[in-house]
Amino acid sequence: MEKLILIDGNSIASRAFYALPLLSNSSGLHTNAVFGFTTMLLKLIEEEKPTHFLVAFDAGKVTFRHADYKEYKGGRAKTPPELSEQFPLIRELVQSFGIPQFELPGYEADDIIGTLTRLADEKGLNVIVVSGDKDMLQLASERVTIALTRKGVSEVDRYTPEAISEKYGLVPKQIIDLKGLMGDASDNIPGIPGVGEKTALKLLHQYGTVEEVLSKADEITGKMQEKIKEHAADARMSKELATIFREVPMEMKLDELHFAGFDGPTLGAMFRKLEFKSLLEKMDLSSGDGADEALQATVEIEIVSTQTLGILANEFPDVEAVHIEIVGENPHVSDVIGLALLTSKGKSLFVPAELLDTPEAGALRDWLADEHASKTVYDMHRTEVALHWKGIPLRGVTFDVLIAAYLLDPTESTHTLNELAGRYNLSPISADENVFGKGAKFKVPEIGPLSEHLSRKADLLAKLKPVLKGELEKNEMNPLYYELEFPLARVLASMEKQGIRVNADGLRQLGGDLGKSIEKLAEGIYKGAGMEFNLNSPKQLGDILFDKLGLPVIKKTKTGYSTDAEVLEKLAPYHEVVSSILNYRQLAKLQSTYVEGLLKEIRGETGKVHTYYQQTIAATGRLSSQFPNLQNIPIRLEEGRKIRKVFVPDEPGWSVLAADYSQIELRVLAHISGDENLKEAFLNDMDVHTKTAMDVFGVSETEVDSNMRRQAKAVNFGIVYGISDYGLSQNLNITRKEAGQFIEQYFSVFKGVRNYMDDIVKQARTNGYVTTLLQRRRYLPEINASNFNLRSFAERTAMNSPIQGSAADIIKLAMVQIAGRMKREKVRSRMLLQVHDELVFEVPEDELDLMKRLVPEVMESALALDVPLKVDVSYGENWYEAK
DNA sequence: AAACTCACG
DNA sequence: ACGTACGTGAGTTTT
């Protein structure tokens, strides 16, 4: 069955442009409309499988319509340059798809499409017209379906003549009459003033056409008659303007519109140019989908067997890189599925994972554990943890490609090898998703494709290494890499392998108590609401609060009423159930996340939880913690804080010791800004929020009350986050004006801070990035955006990242140094957790004095600043007591 | 998979 | 005028 798709290129491009955020590629070219256009084409090709295809464009600005009505499309906002610059790209894209395109001076895309649908109809071809313009509906017929975009470009509504009749009660041709009556503001078509869709439809249902309406105007009552008579000429002209011209002088040669599907490599090349990485991966165009094997690196592969494992040892000195594939998100509970060793001769030795457990694998295991056998790997940290649970130590890693890639651009959301190939212009490899499948479809492939994929990864590691090393050098990141992040990876692995003991019985007890309270609260709430519902559903809760109980709506979310804690607190005075709901939320959170969630993470073998720190996620350089997240264990409210009691030392009689930096971010700010006043506060070891209150409110220390201190504290937070009057006003529940005055007052006293904020934003604008004390970078491509929101966000990030990131540098440095000291001092104490500005240890009785002294000493001297770093230490029989 | 909510620094 | 505080991870419901 032959099927023709006709696309209104201009209409779809502008729909896509306004529907998507302003993306831009590395050279600053905007690509959001191109991206939306691409998505639409891909979807159409997949779903419709057209045999014939055409994209029509408007040519130039003046069409025959202007000859009749020069205001046509006047008053319309000029096409923004961000969109017009994308049209050449869209044409190029269409060409890369192998889709014919057409334009004709003096005619709009819809006239071309109108003409083609007429011709196609005559030839008995089925047609789908894709546009964002309702006018197109006039073209619908038995063979011609109109697909109109709905919210964005990803979804379309299909209109057959039946569908049009159902929706409007009109036949397709009457769409022209509809517009003749109601006009179209966007094209500056007047219609009859005061006639909107409703009235126009009513008139058409009665009279059928504009002409009929005009001639029978006398029958119409009231003001409407007057209007119609007065604007009869407008209506006639509007109808004419809205009529798609279906006699464009053109021929349709069907074979010229033939579409045989796109060519993977051609399209892939275009996507690479546009930097559509996600699409490249999703479609596996980077690997060429098997069709263009030539694009992939070719590697000679030897699959190792038990017989050849023994002689493998001869090759070890030649191994340049080893890729160890681990499946599963959590390396503590994951499987190793194979190793690929790339030798300097460019050959890959592939070892299936099963072989690791055979007696013949002794030499390989020894090599992996050999401190002196130098290896380049991808993600040492994760690999070390996974191998650990198989009883294999990993040592001798000298270069980690993942960490290097992260440092070179920490804002990239992931750094998969397949992406890195693209990022550094090396031969592409398949994305894991395409080799393994994803989600429920995940499957380890046959040894052939598996060995090939992993060998290509190993090969890529060897090729990436010199490139990344060069980039690190160029960015002056060698100390950051070799003295901080790389050694830290091993420290993290050892903390995670150690794990922290959790008192499961204590946790279950807590859960039981919570369960009872939760049940009571729920009962009370149902009673107060007059019915039972799912309390965990914000949607249902919103219906109850705002529709049933009629409470005032404070805030809305994208999809409905907001019911977050901030809203509920404001509603509490109106109805007694509200505070119970807040209570319920608090306890339910504790129950599901911290009692049930934590219990699930306790390992049977060890009775401990083994978190995994992500070292290559946070754009600022912070760590993050998963499986479970131990960086967000409750502390602010007493009920939640009790959770900390179940975190206990591994051995009886030991203590949990916690050491946290006091005000590290503000101290860092004092240092980088050089603000004399702020520095002085820390040099005199003052309470910084009190000091801020004194200066902002112009009072003496004794006059600072708790409310002033609270507000000053919020100002300090705001400063660290990249202040805005709006943000501060939200936080303090004051007006924007008042917040603005606070900020102004703050800057007049802390002039150095203001200068820093101005400078850092300027720096970001000139360099495109900002740096931390240890030269960690964060790129801010949106710092020069014309969109206010994007630009403001980038500016705040420019202010915040060096502060948050330098604080991260410092504690990471302290961790590496402490790990070194603990090893040298041969202590039995262990470092267990990092919570951004806090380190947690477990310490035997006889080492308490040593550790109480050593830990803060190292932390405070990790990096010398112009102000002292201060660390508070405490300890107890569990994490709760270490406060 | 996305939206909402909430825990931490 | 614009309309968000910076950085994370996880549980639940809804689509």
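Labels below follow one simple rule: chain letters A, B, ... track the order of the sequence lines, proteins then strands, and each chain is numbered from 1. Any value given below was found using the heavy atoms of this structure, including those in side chains, with hydrogens, waters and symmetry copies removed.
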Mind checking side-chain hydrogen bond (donor to acceptor under 3.5 Å, both in side chains) for Tyr875(A) and listing every partner two or more places apart, or none if nothing turns up? none
Tell me what Val835(A) touches on the nucleic acid: a base, only sugar-phosphate, or nothing, going by heavy atoms under 4.0 Å. sugar-phosphate
Check whether the side chains of Gln804(A) and Glu665(A) place a donor and an acceptor atom closer than 3.5 Å, and report yes or no. no
Base, sugar-phosphate alone, or nothing: which one does Arg791(A) contact when heavy atoms must sit under 4.0 Å apart? nothing
Give one of base, sugar-phosphate or nothing for Asn787(A), where a contact means two heavy atoms less than 4.0 Å apart. nothing
Phe442(A) atom CZ, over 12 foreign heavy atoms within 6.0 Å: yes
Indicate, with a heavy-atom threshold strictly under 4.0 Å, whether Gly718(A) touches base, sugar-phosphate, or nothing. base
Does Ala798(A) reach a base, just sugar-phosphate, or nothing at all? Heavy atoms under 4.0 Å. nothing
Classify Ser792(A) by what it touches in the nucleic acid, base, sugar-phosphate, or nothing, heavy-atom distance under 4.0 Å. nothing
State which residues pass salt bridge (Lys or Arg N to Asp or Glu O under 4.0 Å) with Lys713(A); sequence neighbours excluded, sorted by chain then number. none
May I ask you to list the residues of residues 626-635 of chain A, by number, that have any heavy atom positioned under 4.0 Å from an atom of DNA chain B? Gln631(A), Asn632(A), Ile633(A), Pro634(A), Ile635(A)
Side-chain H-bond candidate by donor/acceptor type, His610(A) with Glu601(A), under 3.5 Å: no
Under the side chain to side chain donor-acceptor pair (under 3.5 Å) definition, can you give me all pairs with a residue in residues 779-794 of chain A, not counting sequence neighbours? Glu82(A)-Ser786(A), Arg777(A)-Tyr779(A)
Arg382(A) vs Tyr612(A) side-chain heavy atoms within contact, under 4.5 Å: yes
Which part of the nucleic acid does Gln540(A) contact within heavy-atom distance under 4.0 Å: base, sugar-phosphate only, or nothing? sugar-phosphate
All pairs passing side chain to side chain donor-acceptor pair (under 3.5 Å) where residues 715-731 of chain A contributes a residue, at least two apart: His689(A)-Asn716(A), Thr692(A)-Asn716(A)
Using a heavy-atom distance cut-off of less than 4.0 Å, which residues of residues 728-735 of chain A contact DNA chain B? none
Please state how far atom CD in Glu638(A) lies from atom P in dA7(B), giving the value in whole angstrom units. 15 Å
Return yes if a side-chain donor-acceptor contact under 3.5 Å exists between Glu329(A) and Gln626(A), otherwise no. no
Specify the separation, in whole Å, of atom CG of Leu833(A) and atom C1' of dC8(B). 13 Å
In this structure, how many angstroms lie between the P atom of dC6(B) and the CG atom of Asn583(A), rounded? 13 Å
According to salt bridge (Lys or Arg N to Asp or Glu O under 4.0 Å), who are the partners of Asp687(A), at least two apart in sequence or on a separate chain? Arg709(A)
When you check the side-chain N and O atoms of Ser662(A) and Asp872(A), is any donor under 3.5 Å from an acceptor? no
Regarding Ala619(A), tell me which of base, sugar-phosphate or nothing describes its non-hydrogen contacts under 4.0 Å with the strands shown. sugar-phosphate
Would you kindly give the OH-to-P distance between Tyr561(A) and dT5(B), to the nearest whole Å? 14 Å
Bounded by its outermost nucleotides with an atom under 4.0 Å from a heavy atom of chain A, the footprint on DNA chain C reads dC2(C) to dT15(C)
If the condition is side-chain hydrogen bond (donor to acceptor under 3.5 Å, both in side chains), which residues does Arg667(A) pass it with, not counting sequence neighbours? none
Quick one: label Lys589(A) by what it contacts on the DNA or RNA (base, sugar-phosphate, nothing), any heavy atom closer than 4.0 Å. base
Taking only residues two or more places apart in sequence or in another chain, which ones pass salt bridge (Lys or Arg N to Asp or Glu O under 4.0 Å) with Asp660(A)? none
Got a sec: does the NZ of Lys883(A) have more than 12 other heavy atoms crowding it under 6.0 Å? yes
In whole angstrom, give the distance that lies between atom OH of Tyr594(A) and atom C1' of dC8(B). 7 Å
Quick check: are there more than 12 heavy atoms from other residues, nucleotides or ligands sitting under 6.0 Å from CD of Glu639(A)? yes
Just say parallel, tilted or perpendicular for the rings of Tyr561(A) and Phe546(A), cut-offs at 30° and 60°. tilted
Filtered N/O pairs between nucleotides 1-3 of chain B and protein, under 3.5 Å:
none

Applying side chain to side chain contact (heavy atoms under 4.5 Å, CB included) to Leu599(A) and Arg508(A), what does each step give before you reach the verdict? CA-CA 8 Å; Leu599(A) 279 170; Arg508(A) 277 187 280 266; 3.8 Å; yes
If the P atom of dC2(C) is compared with that of dA7(B), how far apart are they to the nearest Å? 32 Å
Quick one: on DNA chain C, does His836(A) or Tyr726(A) contact a more 5' nucleotide (nearest heavy atom)? Tyr726(A)
Using the ring pair (Phe, Tyr, Trp, His ring centres under 6.0 Å) rule, pick out the option among Tyr880(A), Trp879(A), Tyr594(A) that qualifies with Phe647(A). Trp879(A)
Does Ala588(A) reach a base, just sugar-phosphate, or nothing at all? Heavy atoms under 4.0 Å. nothing
Below 4.0 angstrom from OP1 or OP2 of dC8(B), is there any side-chain N or O of Arg636(A)? yes
Students often get this wrong, so: under 4.0 angstrom with heavy atoms, is Ser625(A) touching a base, only sugar-phosphate, or nothing? sugar-phosphate
Atom CG of Asn536(A) to atom C1' of dC4(B): distance rounded to whole Å? 12 Å
Using both pair distances under 3.5 Å as the test, note the stems of at least 3 consecutive Watson-Crick or G-U pairs that include DNA chain C. B:1-9 with C:6-14
Tell me: CZ of Arg641(A) to P of dC8(B), nearest whole Å? 10 Å
Considering only the P atoms, how many Å lie between dG3(C) and dC6(B), rounded to the nearest integer? 24 Å
Sugar-phosphate, base or nothing in reach of Phe793(A), heavy atoms under 4.0 Å: sugar-phosphate
Length of the line joining Ile643(A):CD1 and dC6(B):P, which is rounded to integer Å: 17 Å
